[in-house]
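Just so you know, ligand 1 is whichever comes first in the structure, and atom 1 is the first atom listed for that ligand.
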Amino acid sequence: MTETSHVQAQCISVLGSTGSVGTSTLDVISRYPQLSVYALSAGSNAELLFEQCLRFKPRVAVILEEQHADLLRKQLKQAGSDTAVRCGSQALCDIASSPDVDTVMAAIVGAAGLPPALAAVSSGKKVLLANKEALVTAGALFMKAADDSGAVVLPIDSEHNAIFQCLPLSAQQRRGRLAEQGVRRVVLTASGGPFLKTPLSELEWVTPAQACKHPNWSMGRKISVDSATMMNKGLEFIEACVLFDLSPSQVDVLIHPQSIVHSMVEYRDGSVLAQLGSPDMRVPIAHALAWPERMDSGASFLDLVKSPDLQFMAPDLERFPALALGIEAASQGGYSPCILNAANEIAVAAFLDGQIRFTEITGVISGTLAQITCRQPLSIAMIQAVDGQARVIASELVAARSRLKTA
Ligand code: NAD
Ligand code: MG
């Protein structure tokens with residue numbers, strides 16, 4: 001029987017509850033009666049949101065478009081549910097910052113998740129951050145908002161959660177100053193995705209279905225393509241610098257195809273601490289929900305005797321130019337990560353939609369980066385403006401490539 005008493009009672013808003021991380025979060029929540037759901041949110045999957053509302057009985061459900069909200073309202077009323085349905089961006093910020101909420105799971109995909117994630121950190125919540133694009137886009141401003149309000153940001157990305165777990169409690173509670181704690185560098189591991197060994201000449205012809213078939217993890221489509229290009233590790237490189245206040249020279253990337261060692265922290269005395277576990281997002285989700293305690297996650301336990309050999313190798317930047325772009329953007333700082341992220345979102349959507357080839361994704365991103373220079377001090381308004389500008393330029397670059405194919 002599950003021992004539930006040591007987990008603190010929490011009222012939780014799950015942003016992006018119909019996605020891969022969102023559904024894993026609800027699975028963990030369902031194991032503990034003292035974890036209650038204040039709000040759920042979805043982009044357009046009204047059907048699954050309806051089922052989740054009946055099961056978790058949130059006070060509020062938020063969906064992006066009014067037409068979906070109307071339908072959901074009618075269905076819930078018919079089913080005798082008293083969940084209120086709202087729509088739009090302000091409603092998302094409201095469920096992220098409501099005084100009735102203790103904990104927010106930020107699991108919307110893309111920069112669309114930034115406003116509610118920012119609302120959650122600005123109002124001092126315990127924020128479980130899966131939405132790496134929010135951090136990549138707004139970086140230092142996001143963490144400053146958390147420092148100012150006293151919000152606790154707990155990383156859900158498995159690599160960052162692993163690093164967090166390998167830090168002393170004092171560093172977990174107070175961000176930064178890792179060098180004073182004896183940390184020399186952190187090592188992000190990467191599976192290498194589905195195309196680690198595909199001949200380079202074949203990459204041009206890979207399909208969205210092949211790119212989304214990750215060897216170890218089951219994830220949403222956008223992050224699956226990011227894993228195939230390794231832009232995911234580029235975004236995570238930036239995420240690590242921001243979350244742990246590290247310079248790019250203190251972050252390394254190693255390919256580890258088995259996805260069992262989720263990342264490592266190297267200390268000045270030569271000790272390396274690593275976190276290992278099954279590749280199941282319920283592990284970092286349960287870690288963050290219970291932190292600083294521990295709880296059951298539902299994930300299977302690791303059997304290292306049955307696990308294949310653990311391998312590690314340096315990434316090949318010719319195969320994975322997107323990783324090089326991510327590392328470069330981290331070094332440049334300023335608005336570069338925001339431009340990189342916005343262009344990547346457009347390029348990945350265009351690849352999934354059949355408009356450009358897999359190997360054209362990085363060209364769209366580097367072309368966009370080359371066309372925008374912004375030396376203004378960082379501000380949320382400017383981030384949103386630059387993000388919009390990057391999306392326009394990236395879309396033009398996509399259109400030019402599609403025209404070439406149909407000409
Ligand atoms: P997903 O596509 O499966 O789910 C995304 C969720 O966001 C869905 O609920 C969707 O309805 C909602 N959504 C999409 N667009 C929206 C919009 N414009 N406005 C409001 N809601 C919107 O994605 P996922 O794989 O669960 O990933 C979510 C986030 O977590 C991403 O930032 C990803 O990088 C990060 N992450 C995911 C994993 C994983 O294993 N899936 C691991 C690490 C980090
Ligand atoms: Mg990750």
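- Salt bridge annotation for Asp94-Arg86: present, with a cationic side-chain nitrogen under 4.0 angstrom from a carboxylate oxygen.
- Between the side chains of Ser191 and His214, a donor-acceptor pair is found at a separation under 3.5 Å.
- Between Phe351 and Phe358, the two ring planes are perpendicular [angle over 60°; tilted spans 30° to 60°].
- Defined by atom type and a distance below 3.5 Å, a donor-acceptor pair is present between the side-chain atoms of Gln311 and Gln258.
- Excluding waters, the protein N/O/S atoms found under 2.8 Å from the Mg ion (ligand 2) are Asp157 OD1, Glu159 OE1, Glu236 OE2.
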### Task
Carefully, step by step, assess Ser259 and Asn216 under the rule side-chain hydrogen bond (donor to acceptor under 3.5 Å, both in side chains).
CA-CA 7 Å; Ser259 298; Asn216 309 330; 2.6 Å; yes
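- Note on Glu66 versus Arg73: salt bridge recorded, some NZ/NE/NH1/NH2 to OD/OE distance being below 4.0 Å.
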### CA sep, side-chain torsions, deciding dist, call: Lys132, Asn232, side-chain hydrogen bond (donor to acceptor under 3.5 Å, both in side chains)
CA-CA 9 Å; Lys132 67 189 83 183; Asn232 184 47; 2.5 Å; yes
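- Looking at Gln10 and Thr103, their side chains do bring a donor and an acceptor atom within 3.5 Å of each other.
- Side-chain contact annotation: Ser278 with Asp280, donor-acceptor N/O pair under 3.5 Å absent.
- Protein residues having a heavy atom under 4.0 Å from any atom of ligand 1 are Gly16, Ser17, Thr18, Gly19, Ser20, Val21, Ala42, Gly43, Leu64, Ala107, Ile108, Val109, Ala112, Ala130, Asn131, Lys132, Glu133, Asp157, Met219, Gly220, Ile223, Met281, listed by chain and number.
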